[in-house]
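Order of appearance sets the numbers: ligands from 1, and atoms from 1 within every ligand. When a residue number appears, it is its place in the shown sequence, counting from 1.
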Amino acid sequence: MASKFINITLKIWRQKNGTTKGALETYGLNNVSTDSSFLEMLDQLNEQLINERKSPVAFDHDCREGICGMCSLYINGRAHGPDTGVTTCQLHMRTFKDGETIYVEPWRSRAFPVIKDLVVDRSAFDRIQQAGGFVSVNTSGRTIDANATPIPKADADKAFEAAACIGCGACVASCKNGSAMLFVGAKVSQYALLPQGKVEAQQRVLNMVRQMDEEGFGNCTNTGACEVECPKGISIENIARMNREYLKAIVTED
Ligand code: FES
(Lines give C-alpha, C1' and ligand atoms only; values in the text may rest on other atoms or scores of the structure.)
Protein backbone atom coordinates (compact mmCIF):
# COMPACT_ATOMS: atom_id res chain seq x y z
CA MET A 1 0.00 0.00 0.00
CA ALA A 2 1.40 3.40 -0.98
CA SER A 3 2.23 5.67 1.94
CA LYS A 4 0.11 8.74 2.48
CA PHE A 5 0.71 11.88 4.42
CA ILE A 6 -1.85 13.34 6.81
CA ASN A 7 -2.21 16.54 8.80
CA ILE A 8 -3.31 16.15 12.41
CA THR A 9 -4.03 18.18 15.52
CA LEU A 10 -2.63 16.87 18.78
CA LYS A 11 -4.00 17.65 22.24
CA ILE A 12 -1.16 16.56 24.51
CA TRP A 13 -0.96 16.51 28.30
CA ARG A 14 1.87 18.77 29.43
CA GLN A 15 2.96 18.80 33.06
CA LYS A 16 6.28 20.13 34.33
CA ASN A 17 6.59 17.69 37.23
CA GLY A 18 4.65 15.74 39.81
CA THR A 19 3.86 18.74 41.96
CA THR A 20 2.61 21.19 39.31
CA LYS A 21 -0.78 21.13 37.62
CA GLY A 22 -0.92 19.88 34.05
CA ALA A 23 -3.12 20.77 31.07
CA LEU A 24 -3.80 19.69 27.49
CA GLU A 25 -1.91 21.76 24.93
CA THR A 26 -2.71 21.92 21.23
CA TYR A 27 -0.20 21.33 18.42
CA GLY A 28 -0.71 21.12 14.69
CA LEU A 29 1.47 18.59 12.84
CA ASN A 30 1.56 18.32 9.05
CA ASN A 31 2.92 15.75 6.61
CA VAL A 32 2.80 12.78 8.96
CA SER A 33 3.47 9.56 7.04
CA THR A 34 0.76 6.96 7.60
CA ASP A 35 3.62 4.41 7.64
CA SER A 36 5.14 5.98 10.74
CA SER A 37 4.47 4.60 14.19
CA PHE A 38 2.77 6.68 16.86
CA LEU A 39 6.11 7.22 18.61
CA GLU A 40 7.78 8.28 15.34
CA MET A 41 4.98 10.81 14.96
CA LEU A 42 5.81 12.12 18.46
CA ASP A 43 9.50 12.27 17.42
CA GLN A 44 8.41 14.40 14.44
CA LEU A 45 6.43 16.66 16.77
CA ASN A 46 9.43 17.03 19.09
CA GLU A 47 11.69 17.99 16.15
CA GLN A 48 9.16 20.65 15.25
CA LEU A 49 9.00 21.90 18.86
CA ILE A 50 12.81 22.00 19.17
CA ASN A 51 13.06 23.96 15.90
CA GLU A 52 10.54 26.41 17.34
CA ARG A 53 12.68 26.59 20.51
CA LYS A 54 9.91 25.04 22.58
CA SER A 55 10.24 22.28 25.13
CA PRO A 56 9.82 18.76 23.59
CA VAL A 57 7.16 16.42 24.95
CA ALA A 58 8.54 13.85 27.42
CA PHE A 59 7.34 10.30 26.72
CA ASP A 60 8.62 6.87 27.68
CA HIS A 61 9.88 4.25 25.23
CA ASP A 62 12.65 1.70 24.89
CA CYS A 63 12.34 -1.33 22.59
CA ARG A 64 9.76 0.14 20.16
CA GLU A 65 8.70 -3.39 19.28
CA GLY A 66 6.08 -4.32 21.85
CA ILE A 67 8.40 -6.02 24.32
CA CYS A 68 9.42 -3.67 27.13
CA GLY A 69 6.08 -2.11 28.10
CA MET A 70 7.53 1.39 28.45
CA CYS A 71 5.44 3.22 25.84
CA SER A 72 2.38 3.61 28.00
CA LEU A 73 0.06 6.26 26.58
CA TYR A 74 -3.65 6.94 26.73
CA ILE A 75 -4.72 7.81 23.18
CA ASN A 76 -8.20 9.07 22.37
CA GLY A 77 -9.40 7.74 25.71
CA ARG A 78 -7.98 4.23 25.33
CA ALA A 79 -4.87 2.58 26.70
CA HIS A 80 -2.40 2.20 23.79
CA GLY A 81 -4.96 3.75 21.41
CA PRO A 82 -7.80 2.47 19.24
CA ASP A 83 -6.18 -0.75 17.88
CA THR A 84 -6.43 -3.95 19.90
CA GLY A 85 -3.53 -6.22 20.83
CA VAL A 86 -0.82 -3.63 20.24
CA THR A 87 1.32 -1.35 22.34
CA THR A 88 1.66 2.35 21.54
CA CYS A 89 4.94 1.73 19.69
CA GLN A 90 3.17 -0.80 17.43
CA LEU A 91 0.31 1.59 16.67
CA HIS A 92 0.60 3.15 13.21
CA MET A 93 -0.58 6.50 11.97
CA ARG A 94 -2.61 4.78 9.24
CA THR A 95 -5.13 4.16 12.03
CA PHE A 96 -5.92 7.89 12.06
CA LYS A 97 -7.64 10.08 9.48
CA ASP A 98 -6.43 13.21 7.75
CA GLY A 99 -7.57 16.23 9.79
CA GLU A 100 -8.18 14.16 12.95
CA THR A 101 -7.67 15.52 16.46
CA ILE A 102 -5.81 13.06 18.66
CA TYR A 103 -5.80 13.26 22.47
CA VAL A 104 -2.65 11.95 24.18
CA GLU A 105 -2.53 11.56 27.95
CA PRO A 106 -0.41 9.70 30.50
CA TRP A 107 -1.68 6.69 32.48
CA ARG A 108 -3.95 8.05 35.17
CA SER A 109 -3.71 6.16 38.44
CA ARG A 110 -2.88 7.11 42.01
CA ALA A 111 -0.19 4.42 42.05
CA PHE A 112 1.42 5.77 38.85
CA PRO A 113 2.23 9.43 39.61
CA VAL A 114 3.15 11.68 36.68
CA ILE A 115 6.88 12.49 36.49
CA LYS A 116 6.69 14.79 33.47
CA ASP A 117 4.23 15.25 30.58
CA LEU A 118 3.39 11.70 29.44
CA VAL A 119 5.91 9.90 31.67
CA VAL A 120 4.60 8.21 34.80
CA ASP A 121 6.40 6.42 37.61
CA ARG A 122 5.56 2.71 37.27
CA SER A 123 8.09 1.53 39.87
CA ALA A 124 5.17 0.22 41.96
CA PHE A 125 5.12 -2.73 39.52
CA ASP A 126 8.83 -3.32 40.11
CA ARG A 127 8.29 -3.44 43.87
CA ILE A 128 5.44 -5.96 43.47
CA GLN A 129 7.69 -8.07 41.27
CA GLN A 130 10.52 -7.84 43.80
CA ALA A 131 8.13 -8.96 46.56
CA GLY A 132 7.78 -12.42 45.02
CA GLY A 133 7.77 -12.56 41.23
CA PHE A 134 10.73 -14.90 40.97
CA VAL A 135 11.82 -18.50 41.59
CA SER A 136 14.77 -19.11 43.89
CA VAL A 137 17.31 -21.48 42.41
CA ASN A 138 20.19 -23.18 44.15
CA THR A 139 23.02 -22.61 41.71
CA SER A 140 25.56 -24.86 43.43
CA GLY A 141 25.81 -28.37 42.08
CA ARG A 142 24.51 -29.83 38.85
CA THR A 143 21.84 -28.25 36.72
CA ILE A 144 18.71 -30.36 36.52
CA ASP A 145 17.75 -31.36 32.98
CA ALA A 146 14.60 -29.39 32.08
CA ASN A 147 13.08 -32.53 30.54
CA ALA A 148 13.35 -34.32 33.90
CA THR A 149 10.42 -32.22 35.18
CA PRO A 150 7.36 -33.23 33.15
CA ILE A 151 4.75 -30.47 32.83
CA PRO A 152 1.30 -31.04 31.28
CA LYS A 153 1.05 -29.20 27.95
CA ALA A 154 -2.11 -27.31 29.02
CA ASP A 155 -0.34 -25.96 32.14
CA ALA A 156 2.77 -25.00 30.17
CA ASP A 157 0.63 -23.12 27.63
CA LYS A 158 -1.27 -21.24 30.34
CA ALA A 159 1.96 -20.35 32.16
CA PHE A 160 3.43 -19.14 28.89
CA GLU A 161 0.37 -16.99 28.16
CA ALA A 162 0.59 -15.41 31.62
CA ALA A 163 4.33 -14.81 31.18
CA ALA A 164 3.57 -12.73 28.07
CA CYS A 165 2.61 -9.81 30.38
CA ILE A 166 5.07 -6.96 29.72
CA GLY A 167 4.02 -4.92 32.76
CA CYS A 168 2.98 -1.88 30.73
CA GLY A 169 0.20 -0.92 33.15
CA ALA A 170 -2.62 -0.68 30.58
CA CYS A 171 -4.71 -2.87 32.90
CA VAL A 172 -4.39 -0.33 35.72
CA ALA A 173 -4.97 2.66 33.45
CA SER A 174 -8.12 1.21 31.89
CA CYS A 175 -9.64 0.03 35.19
CA LYS A 176 -12.07 2.44 36.86
CA ASN A 177 -10.71 1.24 40.22
CA GLY A 178 -7.04 1.52 39.20
CA SER A 179 -6.63 -2.17 40.02
CA ALA A 180 -3.38 -4.01 39.28
CA MET A 181 -4.91 -7.46 39.67
CA LEU A 182 -4.45 -8.50 36.05
CA PHE A 183 -0.72 -7.73 36.27
CA VAL A 184 -0.29 -9.45 39.65
CA GLY A 185 -2.57 -12.32 38.57
CA ALA A 186 -0.36 -12.93 35.53
CA LYS A 187 2.84 -12.81 37.56
CA VAL A 188 1.45 -15.19 40.22
CA SER A 189 -0.03 -17.54 37.61
CA GLN A 190 3.09 -17.98 35.53
CA TYR A 191 4.72 -19.67 38.53
CA ALA A 192 1.67 -21.18 40.23
CA LEU A 193 1.07 -23.35 37.17
CA LEU A 194 4.57 -24.82 37.10
CA PRO A 195 6.17 -27.28 39.55
CA GLN A 196 9.20 -24.97 39.88
CA GLY A 197 6.94 -22.26 41.29
CA LYS A 198 5.12 -24.42 43.83
CA VAL A 199 7.93 -24.37 46.44
CA GLU A 200 7.48 -20.66 47.20
CA ALA A 201 3.85 -20.38 46.08
CA GLN A 202 2.35 -19.50 49.45
CA GLN A 203 4.80 -16.74 50.36
CA ARG A 204 4.85 -15.41 46.80
CA VAL A 205 1.14 -14.71 46.53
CA LEU A 206 0.92 -13.29 50.06
CA ASN A 207 3.87 -10.95 49.53
CA MET A 208 2.83 -9.80 46.07
CA VAL A 209 -0.79 -9.09 47.05
CA ARG A 210 0.32 -7.26 50.20
CA GLN A 211 2.74 -5.13 48.18
CA MET A 212 0.02 -4.42 45.60
CA ASP A 213 -2.29 -3.15 48.37
CA GLU A 214 0.50 -1.09 49.92
CA GLU A 215 1.16 0.66 46.61
CA GLY A 216 -2.38 2.04 46.56
CA PHE A 217 -3.90 0.10 43.65
CA GLY A 218 -7.68 -0.37 43.77
CA ASN A 219 -9.67 -3.59 43.95
CA CYS A 220 -11.06 -5.63 41.07
CA THR A 221 -14.82 -5.46 40.52
CA ASN A 222 -14.78 -7.72 37.45
CA THR A 223 -15.54 -5.10 34.79
CA GLY A 224 -13.11 -6.88 32.43
CA ALA A 225 -11.76 -3.62 30.97
CA CYS A 226 -8.20 -4.72 31.76
CA GLU A 227 -8.51 -7.85 29.62
CA VAL A 228 -9.96 -5.86 26.70
CA GLU A 229 -7.15 -3.28 26.73
CA CYS A 230 -4.22 -5.58 27.52
CA PRO A 231 -1.91 -5.52 24.47
CA LYS A 232 -0.83 -9.09 25.21
CA GLY A 233 -4.32 -10.54 25.64
CA ILE A 234 -3.79 -11.62 29.25
CA SER A 235 -6.98 -13.31 30.46
CA ILE A 236 -8.84 -12.35 33.65
CA GLU A 237 -8.76 -16.08 34.37
CA ASN A 238 -5.39 -15.20 35.93
CA ILE A 239 -7.12 -12.98 38.50
CA ALA A 240 -9.34 -15.89 39.53
CA ARG A 241 -6.26 -18.12 39.85
CA MET A 242 -4.49 -15.50 41.97
CA ASN A 243 -7.54 -15.24 44.25
CA ARG A 244 -7.61 -19.02 44.68
CA GLU A 245 -3.87 -19.09 45.42
CA TYR A 246 -4.30 -16.23 47.91
CA LEU A 247 -7.18 -17.93 49.71
CA LYS A 248 -5.23 -21.18 49.93
CA ALA A 249 -2.19 -19.32 51.27
CA ILE A 250 -4.02 -17.20 53.83
CA VAL A 251 -5.87 -20.14 55.45
CA THR A 252 -2.64 -22.12 55.86
CA GLU A 253 -0.43 -19.19 56.89
CA ASP A 254 1.37 -19.62 60.25
S1 FES B 1 8.63 0.84 23.51
FE2 FES B 1 8.80 -1.17 24.31
S3 FES B 1 6.77 -1.95 24.26
FE4 FES B 1 6.64 -0.02 23.27
Asker: What atoms of ligand 1 come closer than 4.0 angstrom to any heavy atom of C63?
Answerer: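 Near C63, meaning under 4.0 Å from one of its heavy atoms, ligand 1 has 1 (S), 2 (Fe), 3 (S).
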Asker: Mark up the atoms of ligand 1 that fall under 4.0 Å of a heavy atom belonging to G69, in ascending order.
Answerer: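 Here the atoms of ligand 1 in question are 2 (Fe), 3 (S).
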Asker: More than 12 heavy atoms of other residues, nucleotides or ligands under 6.0 Å from OH of Y27: is that the case?
Answerer: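 Yes - once you tally the heavy atoms of other residues, nucleotides and ligands closer than 6.0 Å, there are more than 12.
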Asker: Can you tell me if E245 uses its side chain to pair, donor with acceptor, with the backbone of A201 under 3.5 Å?
Answerer: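 Between the backbone of A201 and the side chain of E245 there is no qualifying donor-acceptor contact (under 3.5 Å).
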Asker: For the backbone of T101 and the side chain of K11, can you confirm whether one donor and one acceptor N or O come within less than 3.5 Å of each other?
Answerer: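 No, the answer is negative, given that no donor and acceptor are paired below the 3.5 Å cut-off.
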Asker: Have a look at E215 and tell me which of R110, R210, R127 forms a side-chain hydrogen bond (donor to acceptor under 3.5 Å, both in side chains) with it.
Answerer: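 With E215 as partner, side-chain hydrogen bond (donor to acceptor under 3.5 Å, both in side chains) holds for just one option, R127.
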Asker: I'd like to know: is atom 2 (Fe) of ligand 1 within the 2.8 Å range of an N/O/S atom from H61, strictly under that distance?
Answerer: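 So H61 does not count as coordinating atom 2 (Fe) of ligand 1.
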Asker: Tell me if the aromatic rings of F59 and F38 count as close, with their centers under 6.0 Å from one another.
Answerer: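 Judged by ring-centre distance (under 6.0 Å), F59 and F38 do not meet the cut-off.
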Asker: Tell me which one of C68, S37, G66 gets a heavy atom nearest to atom 2 (Fe) of ligand 1.
Answerer: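 Of the listed residues, C68 has the closest heavy atom.
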Asker: Can you confirm if the aromatic rings of F112 and F125 lie within a centre distance of less than 6.0 Å?
Answerer: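 Under 6.0 Å, so yes.
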Asker: At atom 4 (Fe) of ligand 1, what's the angle from C71 SG to C89 SG, rounded to 10 degrees?
Answerer: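 It comes to 100°.
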Asker: At a 4.0 Å threshold, what atoms of ligand 1 neighbour a non-hydrogen atom of I67?
Answerer: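 By the 4.0 Å cutoff, the relevant atoms are 3 (S).
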Asker: How far is atom 1 (S) of ligand 1 from its nearest protein heavy atom, and which residue and atom name does that atom have?
Answerer: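 Scanning the protein heavy atoms, the shortest distance from atom 1 (S) of ligand 1 goes to R64 N, 3.1 Å.
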Asker: Check each atom of ligand 1 against the heavy atoms of D62 and keep those under 4.0 Å away; list them by number with element.
Answerer: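 It comes down to these atoms of ligand 1: 1 (S).
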